[in-house]
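Structure first, commentary second.
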Amino acid sequence: MQRRAILKWAACSAGLLTLPRWAVSRERAKIYVITYRGPTAADQAFIAHLKNTDLAPEFLLRDVNQDVSRLPPLLEEIRTTKPDLIFTWGTNVTEGVVGRLGAVDPRAHITDI
């Protein structure tokens, strides 16, 4: 109960109109991870930390192996799986997922997660 109250407060404080589905239900949060050249120590620590919390999210781990031309099918997978959070590593990967400031194309980039 306290966890829900904290999540609701955080959502209101952040100006969110709705809570993520996992905050309201008992669904397991999904985090989609895209790395540029495999997981780094920081990525591994992030994943390990969250796995040991009450949240215990499901991680969808993907790597482009230093080739951002591999992003389009991953973006389609994101649109299909609708994760709660997208974690990217690297400027090229991040720009490929969300676009550059002032050059975001909702048809090519993820704009709703």
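Both backbone and side-chain heavy atoms feed into the values below; hydrogens, waters and symmetry mates do not.
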> Yes or no on side-chain contact (heavy atoms from CB on, under 4.5 Å) for I78 and L75, after CA distance, side-chain angles and deciding distance?
Replying inline: CA-CA 5 Å; I78 288 170; L75 297 178; 4.3 Å; yes
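Between E95 and R100 there is a salt bridge, since a side-chain N of the basic residue sits under 4.0 Å from a carboxylate O of the acidic one.
Side-chain contact between I34 and L74 is present, with heavy atoms from C-beta onward closer than 4.5 Å.
Heavy atoms only, all atoms of each residue included: P106 and V104 are closest at CD-O, 3.7 Å. Nearest approach of V68 to V93, heavy atoms of both residues: CG1-N, 4.2 Å. When all heavy atoms of A56 and R28 are compared, the pair lying nearest together is O-NE, 2.8 Å. Contact between P57 and I31 at its shortest, heavy atoms only, is CG-CD1, 3.8 Å. Here the shortest heavy-atom pairing between D84 and A29 reads OD2-CA, 3.2 Å. Residue A108 comes nearest to R79 through the heavy atom pair C-NH2, 3.6 Å, listed as atom of the first residue, atom of the second, then distance.
With hydrogens and angles disregarded, no donor-acceptor distance shorter than 3.5 Å links the side chain of T35 to the backbone of R37. A donor-acceptor contact shorter than 3.5 Å links the side chain of T53 to the backbone of L50. Between the side chain of N65 and the backbone N or O of D67 there is no donor-acceptor pair closer than 3.5 Å.
Note on residues 39-96: pairs passing ring pair (Phe, Tyr, Trp, His ring centres under 6.0 Å), not counting sequence neighbours, are F46-F87.
Applying the salt bridge (Lys or Arg N to Asp or Glu O under 4.0 Å) test to E77 and every residue at least two apart in sequence or in another chain returns R62.
How far CG of N92 is from CD of Q66: 10.0 Å, rounded to the nearest 0.5 Å.
L101 belongs to no hydrophobic cluster with other residues, because no ILVMFWY side-chain heavy atom falls under 4.5 Å from its own, directly or through intermediates.
With respect to Y32, the side-chain contact (heavy atoms from CB on, under 4.5 Å) criterion is satisfied by exactly one of I113, L60, V97, L61: L60.
Criterion: ILVMFWY side-chain heavy atoms under 4.5 Å apart, direct or through other members. Under it, V33 and Y36 are not part of a common hydrophobic cluster.
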